[in-house]
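Hydrogens, waters and symmetry mates play no part in the numbers below; they use all other heavy atoms, side chains included. Protein chains get the first letters and strands the later ones, always in sequence-line order, with residue 1 at the start of each.
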Amino acid sequence: MSTLSSVVAPSFDVEKIREDFPVLKQKVHGKPLVYLDSAATAQKPFAVIDAIRRFHEVDCANIHRGVHELSQRSTAAYEETRAKAKHFLNARSKDELIFVRGTTEGINLVTSSWGRKNVKEGDEIIISAMEHHSNIVPWQMLCQEAGARLRVIPMNERGELLMEEYAKLLNPRTRMVAVTHVSNALGTINPVREIIEMAHKAGALALIDGAQAAPHIKVDLQALDADFYTFSGHKVIGPTGIGILYGKTKLLNAMPPYQGGGDMIKVVTFEKTTYADLPYKFEAGTPNIAGGIGLGAALDYTNALGIEKIAAYEHKLLEYGTEALLQIPGLKLIGTAKEKASVLSFVIEGIHPHDIGTVLDRQGIAVRTGHHCAQPVMDFFNVPATTRASLAFYNTFGEIDALVGGIKKVKEIFS
Amino acid sequence: MVHDLYQEIILDHSKRPRNCHTMANATGQADGYNPLCGDKLKLFIRIEGDIVKDASFVGSGCAISTASASLMTESLKGKTREEALKMLDKFHELLTTDTAVSQDLGKLVVFCGVRDYPARVKCATLAWHTLKSALTNNAAEPVSTE
Ligand SMILES: Cc1ncc(COP(=O)(O)O)c(C=O)c1O
């Protein structure tokens, strides 16, 4: 199908791109690896691997407190990533971007710091029916502690949020609306701009989980007007253990620190500590410096390709994959929203996803099976689990054909 | 190849599980759950004296866990409590070590292919973990493979 790919995206040379990703070159169980699990974590290009290596080989030093050359270099490289992330997200200021371990920590920072201060008994927090556990559990913990109520925006059979129901949930007690931009289990792209606007009209704030959006669609924080936005580096071809939390300056300034320690202070005496300015107030201790530098390289790589071009190419892949899977008798797609990105989640009548995953794996095809950290989504569709193929810009039309072939094999074995 | 895992008997028992029903006169029962794949199992046993007279299960699971529950319930009948627990140990050994295949396991040896699929060992042992709980009667909490 390389002819098709060159027709739809003449400027997108996927074979050349694949050369940059060493992982993709291997064979698994004797077959060429077909990696369709990028929603769990994306593969890394040489640019990222080399940047991390260079840091350890040449520039390795702790940041922010050294006058020596290496410390200057590592600080500059680490802080440069903040500037790159500002550009990537179109944030107003790089001081609004806090380094965290990933989306999970970004959300927990907000529930711990903003939440404990601002959420009181009788208040309400709204999430949605398609959240990842990391955007459910921290809010649940906060609500339990504060005596607040967690409310859930329902969805329809296609996996689209019911906006009229959302409107009804909003009320003067709503403090926060926390919703995912793109669903990892269904692929749905939510109308977050509208969701945020409605939250603001009701006097509430909005946090957007960008874990699955940042890799696949353009995120424009100024256009969205989100109060908090967070994503994980490892899903945007960066390393694990690093991510970004964006928060509006005014909110971040009013929030207490998340953790105490070095780097987040101005002056410490035993009587009193004055906290550092943004963003350092929220960055206690030696951070993941190598990860931060690797993330910078990942954002550079993504920018060089162009997120719009990535989105367009991935959309063609998704359309092609959707059509191909729907030809398979007995296969049902879970998540058929009009607006989707990257995810093909499905079940096959009479065959458990875990068996599908094992048989595909033996053909070199890596997919994820299970509940995808979204058990309420599984309950809604009344399935114990799904098989999920998730796409990235380094995937090819040929790999989708391989997936279809693999599923046919599964059906042969279990029919 | 993948057929070492999905042998004919396993496929047969996964598609047509034996003893797959609830049991009104059970003397023991227990729930098992494998969070990794969402497999759920409810196991029933009827013991008279010291002998397992009957065993059955209901639930939803993958081919490996369903076939394992089906074959387990078949092989339990007529065994003493102690013999059943011994089988459990042997079965576990079959799945996790490279030692020679035990002769005493009968049909259950078809699961030896699971050895090469570490991610699937829990699927094959779910029914057996649940059995242990049913036999030792601390069935208040569902057993979990995690
Ligand atoms: C939608 C969504 N939110 C949050 C997360 C959690 O991200 P992390 O594990 O990197 O913190 C994920 C990861 O799977 C996700 O897909």
Side-chain angles (χ1 to χ4, degrees), chain A residues 27-31 37 40 132-133 136-137 185 330 334 345-388 402 405-415, chain B residues 1-17 20 31-42 57-71 95 110-127 129-130 142 144-146:
Chain A
K27 289 194 166 174
V28 168
H29 303 303
K31 304 275 170 58
D37 196 19
H132 187 280
H133 294 165
I136 302 174
V137 184
I334 302 289
S345 211
F346 61 88
V347 292
I348 301 177
E349 193 167 357
I351 311 178
H352 193 283
H354 216 158
D355 297 313
I356 298 172
T358 292
V359 176
L360 290 178
D361 174 58
R362 290 287 145 157
Q363 299 171 75
I365 304 167
V367 295
R368 183 141 298 231
T369 62
H371 52 58
H372 318 296
C373 293
Q375 284 179 3
V377 173
M378 301 299 115
D379 291 344
F380 176 81
F381 287 98
N382 202 18
V383 293
T386 74
T387 304
R388 181 187 72 186
I407 294 171
K408 288 191 176 140
K409 182 98 188 251
V410 171
K411 293 193 67 178
E412 268 166 42
I413 293 176
F414 292 101
S415 63
Chain B
M1 231 351 256
V2 77
H3 292 285
D4 301 339
L5 178 65
Y6 296 110
Q7 296 194 28
E8 267 318 309
I9 302 186
I10 292 182
L11 288 174
D12 176 43
H13 276 258
S14 74
K15 288 173 206 162
R16 282 169 294 276
C20 188
D31 293 305
Y33 177 52
N34 180 350
L36 190 67
C37 34
D39 288 355
K40 281 181 188 142
L41 180 96
K42 193 183 256 311
F57 75 102
V58 291
S60 71
C62 64
I64 302 297
S65 77
T66 304
S68 177
S70 172
L71 281 153
L95 299 187
V110 295
F111 288 98
C112 70
V114 177
R115 269 180 199 170
D116 299 327
Y117 297 77
R120 307 304 301 273
V121 168
K122 284 174 177 173
C123 308
T125 53
L126 176 64
H129 285 300
T130 313
S144 166
T145 56
E146 289 296 297

So OG1 of A:T358 and OH of B:Y6: to nearest 0.5 Å the spacing works out to 4.5 Å
If one checks every heavy atom of B:D12 against chain A at 4.5 Å, the contacting part turns out to be neither
**Prompt:** Is the backbone of B:C62 close enough, under 3.5 Å, to the side chain of A:D355 for a donor and an acceptor to pair up by distance?
**Reply:** no
Cut-off 4.5 Å, heavy atoms of chain B, and the answer for A:T386 is neither
Scored by heavy-atom pairs under 4.5 Å with chain A, the best of B:S14, B:S60, B:G61, B:A119 is B:G61
For B:K15 and A:F414 the tightest heavy-atom approach is CE-O, 3.3 Å
Give the C-alpha distance, both sets of side-chain angles, the deciding distance and a yes or no for side chain to side chain contact (heavy atoms under 4.5 Å, CB included) between A:I413 and B:H3.
CA-CA 8 Å; A:I413 293 176; B:H3 292 285; 4.0 Å; yes
### Message
Under a 3.5 Å distance rule, please check whether B:R120 uses its side chain to pair with a backbone N or O of A:H354 as donor and acceptor.
### Response
yes
dist B:D116:CG -> A:R362:CZ (nearest 0.5 Å) comes out at 7.0 Å
OG1 of B:T66 to NE2 of A:H352, rounded to nearest 0.5 Å, is 7.5 Å
### Query
Short question: side chain of B:K40, backbone of A:P384 - any donor-acceptor pair under 3.5 Å?
no
So, the part of B:I64 with a heavy atom under 4.5 Å from chain A: the answer is both
The interface call for A:Q363 against chain B, heavy-atom contacts under 4.5 Å, is neither
